[in-house]
Amino acid sequence: MRLKRRNNRILSEKRVLMKDMLEGLTESQLEAVMHRDGPMLVIAGAGSGKTRVVTCRIAYLISNGVWPSQILAMTFTNKAAREMRERVEAMTGEQARQVGTFHSCCARFLRRDIELLGDGRTRDFTIYDTSEQQATLKKALEADNLKLPPGLTPRGMQALISQAKGQRRAVLDLACANNYQNPELIAKCAESYEARLRQCNAVDFDDLLLLMADVLERFPEQREIYHNRFRYVLIDEYQDTNHLQYELMRLLVGPGDNIHVTGDPDQSIYSWRGADYSNIMSFTKDYPNARVVTLERNYRSTQTILDVANELIEHNLNRYEKSLYTENIGGYPVYDVTVGTDRQEAEWICRSILSLNEEGNNLRDMAVFYRTNSQSRALEEAFVTNQIPYQLIGGLRFYDRKEVKDLLALLRILVNPSDLVSLERVAGLFGKGVGSTTLTKVMLAARANGISSVELLAHEDFASLYGRATPGLRRFAELIRNLRSIPLFPVLEAVEMVLEVSGLKDLYANEVDDEERVANIEEFVGNVNRFGAEHPDGDLAQFLEEVSLVADIDSHDEESDFVTLMTLHSSKGLEFPYVYIAGVEEGLLPHSNALGDPEAVEEERRIFYVGITRAKRGLVLLHSQTRFLWNRCDYRRPSSFLAELPEDIVTRLFYGVRGRKK
DNA sequence: AAGACGGAGGTTTTT
DNA sequence: CCTCCGTCTT
C-alpha cells in the first residue's frame with residue numbers, strides 16, 4: 001500500500017518531466033517522438049535534435065506503459081548508448097538496459113544462445129580483434145599446410161573475410177565476384193580460419209552479428225522469444241548499417257513491425273566497412289506503410305556554417321534532397337586559412353585556441369579534426385609546446401597497448417582455456433624456451449586427451465599426460481596451473497592475483513624507461529575497479545567482453561577542460577562551439593585513394609560535411625602548401641572541395657605563405 | 001628449437 | 001617511423 005503510493009508519486013513526477021520535455025519540440029519532432037506502433041523512418045539532418053527525439057521517444061513509450069526492458073535500441077558507439085541511457089533515466093527514472101551497440105547487444109545475446117548453434121563454442125567465448133584475427137589466420141594456415149595465393153596478405157584476407165560476413169555472403173562467392181585468382185584456395189583458407197576460431201572458442205567482430213542472425217534464423221522458437229521480449233526496436237545511424245545488420249534487424253523485429261530508425265544519408269561515411277546507405281534509402285520499400293519524418297531545422301550551428309555545409313553537400317549528385325535551416329542568423333565568418341607548412345598549421349591553430357581561451361572560452365569547447373590519424377603528430381607537438389591541455393581520440397587504443405594486451409591475454413586464458421592466441425602471447429612473455437613448435441606439440445597432446453592446451457598445461461598429471469617436457473615447459477605449465485587456480489570473481493581480486501602470480505608488473509618495472517607501461521597497468525586496474533563498482537555481480541568474462549568492444553571515442557571526456565583532437569570519422573554525432581579542420585588538401589580530403597572514383601569522392605565530401613556540421617559558432621578550415629608525409633616533404637594543393645564553398649561567406653587568411661600571388 | 005638482429009615494406013577512416 | 005619477416009647464431 002505504502003509502496004503503491006510512492007510509485008504513484010514517482011509516476012506523477014515523471015509526467016511533469018515528460019510534459020516539460022515535450023514542450024520545446026517542433027511539430028515534426030513531436031510526430032517522431034509520439035509515434036507509437038508500426039514502422040517509422042526519421043531522416044534527421046545534422047544538428048536537428050535527433051538524439052533528443054530518440055531519447056524522448058523511449059521515454060514516451062515508457063511513460064505510456066511499455067516496460068523499459070521491452071525496448072531494444074541499437075546505436076553506433078557505446079558512448080551514444082550511454083548518453084541515451086542516462087537521458088532516459090533522467091526523464092523517466094527507469095533504466096533502459098537494452099540500449100547498446102549492435103556488437104555489444106549481440107555479444108550479450110550470444111552469451112545465452114551461442115551453444116544452440118552446436119559448433120563447439122561455449123558461453124565463455126573470446127572476441128578477437130583484427131590483429132588477433134590475423135594471428136589466428138596465420139596459425140590456421142600453418143597448421144593446415146595452406147598458403148594464401150600470391151598478392152593476398154593476411155591483412156587483405158582478414159578484410160575479405162570481414163567483407164563477406166558483412167554482406168552475409170560466402171567467401172568463395174565474393175572472391176569470384178572480385179576477380180581474385182584462385183578463389184577456391186581463398187575459400188579453403190577462410191574455412192581453415194573458421195575452424196581455428198571454433199577450436200579457440202573465439203569469434204571475430206562480424207561473427208557477433210552473424211552468429212546471432214544464424215541463431216534467429218535457425219531457431220524460430222528462439223526468434224519468438226526475442227519478438228516477445230522486444231516489442232519495440234530502434235536503430236540509430238541507420239545510414240551506416242551494412243547488409244548483415246539489416247538482416248539482423250529484419251530478424252529481430254516482431255510481427256508488429258515496431259521498428260523506428262533514424263539516420264542521415266548525407267552522413268554515411270562508413271562504406272569501406274560495408275555500410276550500405278541504400279538500406280536507409282529503401283526503408284520505405286521494405287515497409288511500405290512506414291511513416292517518414294524529415295527533420296531539417298538545425299539547432300546547432302549558425303546560418304553561416306549551415307550555408308557552407310549546404311552548398312558543399314549540394315555537389316553530391318546521388319542524395320536524398322533536403323536542406324538545413326536555422327533561426328540562429330548570422331554568425332562569425334568561416335575561415336579558410338592557407339599556411340606554409342604543417343607545423344605552421346598546428347601553430348596557427350594553437351594561437352587561435354589560446355586567444356579564444358583568453359576571451360573566456362573553455363578549451364573543452366574546441367576541437368581539431370583531421371582525415372588521417374597520422375596528422376595528429378604535428379598537432380600534438382604544437383599543443384605540448386604551447387602547453388595546451390588536449391585529449392587525443394583514436395590512434396593506438398588503450399586496450400591495444402602491448403602491456404595491456406599482455407594482461408588481457410593472461411585474463412583470457414582464465415576464462416577461456418581454448419584461447420590459443422592468448423596462450424601463444426603468454427608463452428612469448430613468460431615461457432622461456434617455449435616457442436611455437438612446443439606449443440603445437442602441447443596442442444596435439446591436449447587434443448589426444450580431449451582437453452584444451454591450457455587445461456593440459458594446468459593438469460595435475462601434466463607430466464604423465466604430456467611425456468618428457470623440457471624444464472622451460474615444466475615451469476611454464478606450473479605458471480598456467482597457478483593462474484588457473486585463481487577464482488574469477490570478484491573481478492578486481494582476480495586481476496590483482498593474476499598480476500601477482502604472473503609477475504607481469506615486475507617484468508615492466510625492471511625494464512628501463514617503461515614507467516608508462518607500469519602506469520598503464522595501473523590504469524587498467526583502475527578500470528577494473530570501476531567496472532566492479534558499476535557491475536557488482538559482473539564476472540571476468542563480462543569485463544573482457546566490455547573491453548573488447550570499446551572504441552576510443554567511448555572515452556571522450558566532455559567535462560574536463562581539454563581541446564579534443566580526433567579524426568573526422570570519430571567526430572560524427574558530436575558538436576563543439578569551435579571547430580578546426582586541418583589538412584583540407586587534395587589527396588588528404590578527398591583522400592588520394594578516393595580520387596578517380598566518383599562514388600568514393602562523394603563519400604569524402606560527406607566526411608567533410610560531417611566535420612563542418614559539428615561546429616556551433618566558429619569554423620576554421622586549414623590547408624598547407626607543404627606537408628611532411630611518410631617522412632618526406634611534399635608540395636600540396638588545396639582541396640577541390642574548397643572551391644565548392646560559397647565565396648562570399650568564406651574569409652581567406654594566409655600565414656607563413658611565401659611567394660603569394662594577389 | 002629459440003631468440004636476436006637487420007632489412008624491407010607499408011600507413012584512411014573502425015565496431 | 002614502426003612493424004613484420006627472414007636469417008643467423010646460440
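Below, read A as the first sequence line, B as the second, and so on, with proteins coming before strands; counting in each chain starts at 1.
Ring-plane geometry between Phe230(A) and Phe109(A) is classed as tilted, the angle between the planes lying from 30 to 60 degrees on a 0 to 90 degree scale. By the 30° and 60° cut-offs, the orientation of the rings of Tyr270(A) relative to Phe76(A) is tilted.
Rounded to an integer number of Å, the gap from CG of Asn242(A) to P of dT14(B) is 17 Å. Rounded to whole Å, atom C1' of dT14(B) lies 12 Å from atom CZ of Arg155(A). The interatomic distance linking Leu568(A) (CG) with dT12(B) (P) rounds to 16 Å, in whole Å. The nearest whole Å value for the distance from the CG atom in Asp204(A) to the C1' atom in dT14(B) is 14 Å. As rounded to whole Å, 13 Å separates atom C1' of dT15(B) from atom CG of Asp207(A). Atoms CZ (Arg82(A)) and C1' (dT15(B)) sit 15 Å apart, rounded to a whole Å. Atoms CD (Glu237(A)) and P (dT15(B)) sit 12 Å apart, rounded to a whole Å. Distance, Phe608(A) CZ to dT12(B) C1': 17 Å, rounded to whole Å.
Tyr277(A) and Asp264(A) share no side-chain donor-acceptor pair at under 3.5 Å. Counted by atom type alone, Asp144(A) and Ser192(A) present one or more donor-acceptor pairs between their side chains at under 3.5 Å. Under 3.5 Å, the side chains of Arg250(A) and Tyr246(A) contain a donor-acceptor pair of N or O atoms.
Annotation: cation-pi geometry not satisfied between Arg627(A) and Tyr635(A) (NZ/CZ under 6.0 angstrom from ring centroid, within 45° of ring axis).
Nucleotides of DNA chain B nearest to Thr567(A) and Leu439(A) differ in position, and the one nearer the 5' end is that of Leu439(A).
Residue-level contact check: Arg606(A) touches neither bases nor backbone, having no heavy atom under 4.0 Å from any strand. Asn373(A) comes within contact range of the sugar-phosphate backbone alone, with a heavy-atom separation under 4.0 Å but no base atom that close. When heavy atoms are screened at a 4.0 angstrom cut-off, Phe76(A) is found touching the sugar-phosphate backbone but no base atom. Across all strands shown, Thr438(A) has heavy atoms under 4.0 Å from sugar-phosphate atoms exclusively, and none from any base. At a threshold of 4.0 angstrom between heavy atoms, the contacts of Ser570(A) are confined to the sugar-phosphate backbone, with no base atom among them. Lys138(A) comes within 4.0 angstrom of sugar-phosphate atoms only, judged by non-hydrogen atoms across all strands, and of no base.
By the 5.5 Å and 30° criteria, Tyr270(A) is not stacked with the base of dT14(B).
Across dT14(B), dT12(B), dT15(B), the shortest atom-to-atom separation from the side chain of Glu604(A) is found for dT12(B). Candidate nucleotides dA2(B), dT12(B), dT15(B) were compared by shortest atom distance to the side chain of Arg273(A), and dT15(B) ranks first. Side chain of His591(A), nearest nucleotide from dA1(B), dT12(B), dT14(B): dT12(B). Closest contact between the side chain of Thr130(A) and the listed nucleotides dT14(B), dA1(B), dT15(B) involves dT15(B). Side-chain proximity of His103(A) to the nucleotides dT14(B), dA1(B), dT15(B) is greatest for dT15(B). Ranking dT14(B), dT15(B), dT12(B) by closeness to the Ala551(A) side chain, first place goes to dT15(B).
Between Thr77(A) and dT15(B) there is no side-chain polar atom (N or O) within less than 4.0 angstrom of OP1 or OP2.
Of all nucleotides in DNA chain C, those with any atom nearer than 4.0 Å to a heavy atom of chain A start and finish, going 5' to 3', at dC1(C) to dC5(C).
To the nearest 0.5 angstrom, Gln98(A) atom CD is 10.5 Å from Met74(A) atom CE.
The shortest distance between side-chain heavy atoms of Val620(A) and Ile581(A) does not fall below 4.5 Å.
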